[in-house]
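Chain letters run A, B, ... following the sequence lines, proteins first, then strands; residues in each count from 1. Keep in mind that the numbers below use all heavy atoms, side chains included, and drop hydrogens, waters and symmetry copies.
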Amino acid sequence: MTVVTRFAPSPTGFLHIGGARTALFNWLYARHHGGIFRLRIEDTDRQRSTGEAIEAIIDGLKWLGLNWDDETVFQFARAPRHAEVALEMLKRGKAYYCYCTPEELEQMRAEARAAGKPMRYDGRWRDRDPKDAPPDLKPVVRLKAPTSGETIVQDKVQGEVRVANEQLDDMVLLRSDGTPTYMHSVVVDDHDMGITDVIRGDDHLTNTFRQLQIYQAMGWQPPSFAHIPLIHGPDGAKLSKRHGALGVEGYRDMGYLPEALRNYLLRLGWGHGDDEIISTEQAIQWFDLDGVGRAPSRFDFAKLDNLNGHYLRQSDDARLARNVVARLGVTVDSAIERRLIAGMAGLKARAKTLKELADNAVFYAANRPLNLDEKARAALTGNAIGILRELREALAESSSWTATSLESQARAFTEAKGIKLGQAAQPLRAALTGATTSPPIFEVMEVLGHEETLGRIDDATSATG
RNA sequence: GUCCCCAUCGUCUAGAGGCCCAGGACAUCACCCUUUCACGGUGAAGACACGGGUUCGAAUCCCGUUGGGGACGCCA
């Protein structure tokens with residue numbers, strides 16, 4: 001049988017990091033088995049669902065490279081079908097009308113809590129004569145759930161999980177306005193969409209018992225389930241905004257690469273021996289549910305940064321240069337674009353994120369005269385100016401403008417003067433990059449070129465001297 | 001409150017009774033490389049929550065305790 005998985009977010013906000021991982025696991029599982037990965041938007045909450053959220057989720061999935069098959073299913077549009085199934089259950093005696101008011105239910109819960117019992121609906125309309133129905137009240141449809149025995153989930157991650165049916169109550173299938181509840185629509189949609197494997201956060205584990213009862217009532221074959229642990233913040237509590245609970249676009253804006261985020265998310269809750277750097281091709285080949293752990297994991301930016309740095313260094317220079325230009329919000333001519341590409345090798349080894357990369361690339365994109373930061377200005381005081389002026393004269397005659405030849409010229413110069421290389425290199429760095437840290441300075445000179453280099457030195461020596 | 005799930009270095013994890021006085025990665029620290037900062041390399045420190053069993057032998061199995069998390073809506 002072909003594997004069919006799905007990602008089913010509710011469009012009440014952005015695609016958060018936990019959802020992204022759930023989507024990734026579903027996608028990998030489907031791709032691993034040569035199956036189908038589908039997207040269903042659970043927009044039945046009309047108050048909270050928004051078009052922007054739908055767009056954010058779709059953009060987020062696309063950015064992450066998680067492509068889905070077949071057309072996107074919108075759950076709200078299927079409400080008539082959900083009602084149809086509920087009515088069928090009514091007809092079969094598997095469901096019934098309940099005329100309880102919200103106040104009654106609230107009281108029931110309060111009493112149950114006080115008595116130390118599970119907070120559940122007591123089933124007072126379960127076997128009551130419909131003639132008793134109050135004429136002015138619209139009823140909900142409730143599932144006639146089994147009252148004895150137990151419901152068992154065979155979970156691919158959590159193992160066998162069972163609960164006594166007395167713990168579960170008769171849940172609402174159709175609201176009094178005739179719209180379906182989440183619990184009901186999920187089952188109908190998963191069934192109709194031919195989903196074979198439901199992979200979702202383990203906050204749904206206990207919902208599964210109830211959903212299983214709907215499958216049983218309809219005589220449907222339930223899919224297999226895999227409930228993956230949630231992602232927590234660094235403090236072990238729920239992921240907060242400042243700890244990573246952002247939409248994936250937040251990660252994009254911070255300068256993370258989709259392949260890095262994919263790799264990071266994959267390793268959060270899943271392992272394959274000692275492997276850490278895992279390409280997407282490899283992930284598809286290796287991914288299985290056995291490798292998914294059962295304990296929740298904590299989100300760690302430091303590790304994400306490390307992974308991102310790795311993928312950054314692997315990235316194509318032209319791609320990075322384009323991203324840097326976009327981030328800097330500048331327009332550059334083709335000469336500067338070439339300069340950025342040429343300088344990228346030195347730049348990308350020094351950055352963890354695209355944002356950092358862009359910040360460090362400013363001196364390549366900028367036109368003269370350069371802005372010098374405080375430390376750079378400090379490096380251009382005292383005899384540094386004199387050294388720079390002399391070095392400039394030596395360099396002006398240079399016939400070979402490559403990093404290696406520039407370095408040997410500089411070394412010859414400092415040796416002749418009896419000073420350390422650093423005494424010339426640091427002022428040079430300050431003058432050429434406006435900072436005290438940068439890629440190797442002779443490489444910078446090569447990338448900048450003869451004319452620009454001398455010009456920047458002149459700017460620095462005249463402005464300060 | 002009731003039910004369910006979880007528990008290995010700070011973090012992510014390897015570990016499916018002897019290969020483990022517990023391995024890898026990130027982070028940390030030291031050293032090397034080096035014109036700066038990175039990258040890279042070498043090394044150090046660092047964990048089986050606790051208590052009982054079972055067994056010749058337990059990180060691995062069982063029970064309990066503690067600690068986390070989740071679910072108990074006419075939200076999804």
Readout for nucleotides 17-31 of chain B: B = base within 4.0 Å of protein heavy atom, S = sugar-phosphate only, - = neither; 5' to 3' it is ------BBBSS----
Over all strands shown, is A:Pro229 touching base, sugar-phosphate only, or nothing at heavy-atom distances under 4.0 angstrom?
nothing
Return the value, rounded to whole Å, for the distance between atom CD1 of A:Ile441 and atom P of B:rA38.
16 Å
Tell me the partner of B:rC31, counting only Watson-Crick (N1-N3 plus N6-O4 or O6-N4) or G-U wobble (N1-O2 and O6-N3) with both under 3.5 Å; none if nothing fits.
B:rG41
Could you tell me how far B:rC6 sits from B:rC48 if I compare only their C1' atoms? Round to whole Å.
15 Å
When you compare B:rC5 with B:rU42, how far apart are their C1' atoms, in angstrom units rounded to a whole number?
43 Å
How long is the line joining CG of A:Leu432 and C1' of B:rU35, in whole Å?
13 Å
Return a single string for nucleotides 67-76 of chain B, one symbol per nucleotide in 5' to 3' order, where B is base contact, S is sugar-phosphate-only contact and - is none, cutoff 4.0 angstrom on heavy atoms.
--SBSBSBBB
Atom pair distance, as rounded to whole Å: CG in A:Asp275 and C1' in B:rG15
15 Å
Would you indicate, yes or no, if B:rC5 has its OP1 or OP2 atom less than 4.0 angstrom from a side-chain nitrogen or oxygen of A:Arg294?
no
Answer with base, sugar-phosphate or nothing: what part of the nucleic acid does A:Ser297 contact at a heavy-atom distance below 4.0 Å?
sugar-phosphate
Between A:Gln213 and A:Ala145 the two heavy atoms that sit nearest each other are OE1-CB, 3.4 Å
Say you draw a straight line from CG of A:Leu265 to CG of A:Leu261; how long is it, rounded to the nearest 0.5 Å?
5.0 Å
Which is true for A:Gly269 with a 4.0 Å heavy-atom rule: it touches a base, it touches only sugar-phosphate, or it touches nothing?
sugar-phosphate
Residue matched to B:rC19 through Watson-Crick or wobble contacts both under 3.5 angstrom:
none
Within this structure, what is the NE2-to-C1' distance between A:His272 and B:rG15, rounded to whole angstrom?
15 Å
Looking only at heavy atoms, what is the nearest atom pair of A:Ala20 and A:Leu15, with distance?
N-CD1, 3.8 Å
For B:rC62 versus B:rA7, give the span between their P atoms, rounded off to a whole number of Å.
11 Å
Are A:Phe25 and A:Phe287 an aromatic pair, judged by ring center distance below 6.0 Å?
yes
Rounded to the nearest 0.5 Å, how far apart are CG of A:Asp189 and OG1 of A:Thr44?
9.0 Å
For B:rC31 versus B:rG69, give the span between their P atoms, rounded off to a whole number of Å.
41 Å
Taking atom P in both B:rG15 and B:rU60, what distance in whole Å separates the two?
15 Å
Test salt bridge (charged side-chain N to carboxylate O under 4.0 Å, His left out) applied to A:Asp169 and A:Arg120, A:Arg210, A:Arg142, the passing residue:
A:Arg210
Return the nucleotide paired to B:rG10: Watson-Crick means purine N1 to pyrimidine N3 with N6-O4 or O6-N4, wobble means G-U with N1-O2 and O6-N3, both under 3.5 Å.
B:rC26
If you measure from the C1' atom in B:rU28 to the same atom in B:rU2, how many Å do you get, rounded?
44 Å
Work out how far the C1' atom of B:rC4 is from that of B:rA25, and round it to whole angstrom.
33 Å
Applying a 3.5 Å limit to both distances, which nucleotide forms a Watson-Crick or G-U wobble pair with B:rG1?
B:rC72
Using atom P in both nucleotides, what's the gap between B:rU55 and B:rC50 to the nearest angstrom?
23 Å
Please determine whether a side-chain nitrogen or oxygen atom of A:Arg411 lies at a distance below 4.0 Å from atom OP1 or OP2 of B:rU35.
yes
Under 3.5 Å, is there any donor-acceptor pair linking the side chain of A:Arg350 to the base of B:rC37?
yes
Atom pair distance, as rounded to whole Å: OH in A:Tyr264 and P in B:rU11
12 Å
Base, sugar-phosphate, or nothing: which does A:Phe442 touch, judged by heavy atoms less than 4.0 Å apart?
base
Calculate the interatomic distance between A:Phe225 atom CZ and B:rC4 atom P; express it in whole Å.
19 Å
A:Pro439 and A:Leu347 have their tightest heavy-atom pair at CG-CD1, 3.4 Å
Main-chain N/O of A:Gly247 paired with A:His16 side-chain donor or acceptor, under 3.5 Å:
no
Sub-3.5 Å donor-acceptor pair from the side chain of A:Ser408 to the main-chain atoms of A:Ser405, do we have one?
yes
If you take the centroid of each ring, where Trp contributes its six-membered ring, are A:Tyr264 and A:Phe299 closer together than 6.0 Å?
yes
RNA chain B: 5'-proximal contact among A:Gly271 and A:Arg162 (nearest heavy atom)
A:Arg162
With a cut-off of 6.0 Å (strictly less than), are more than 12 heavy atoms of other residues, nucleotides or ligands near CD of A:Gln47?
no
Name the pairing partner of B:rA49, where a pair is Watson-Crick or G-U wobble with both distances under 3.5 Å, or state none.
B:rU65
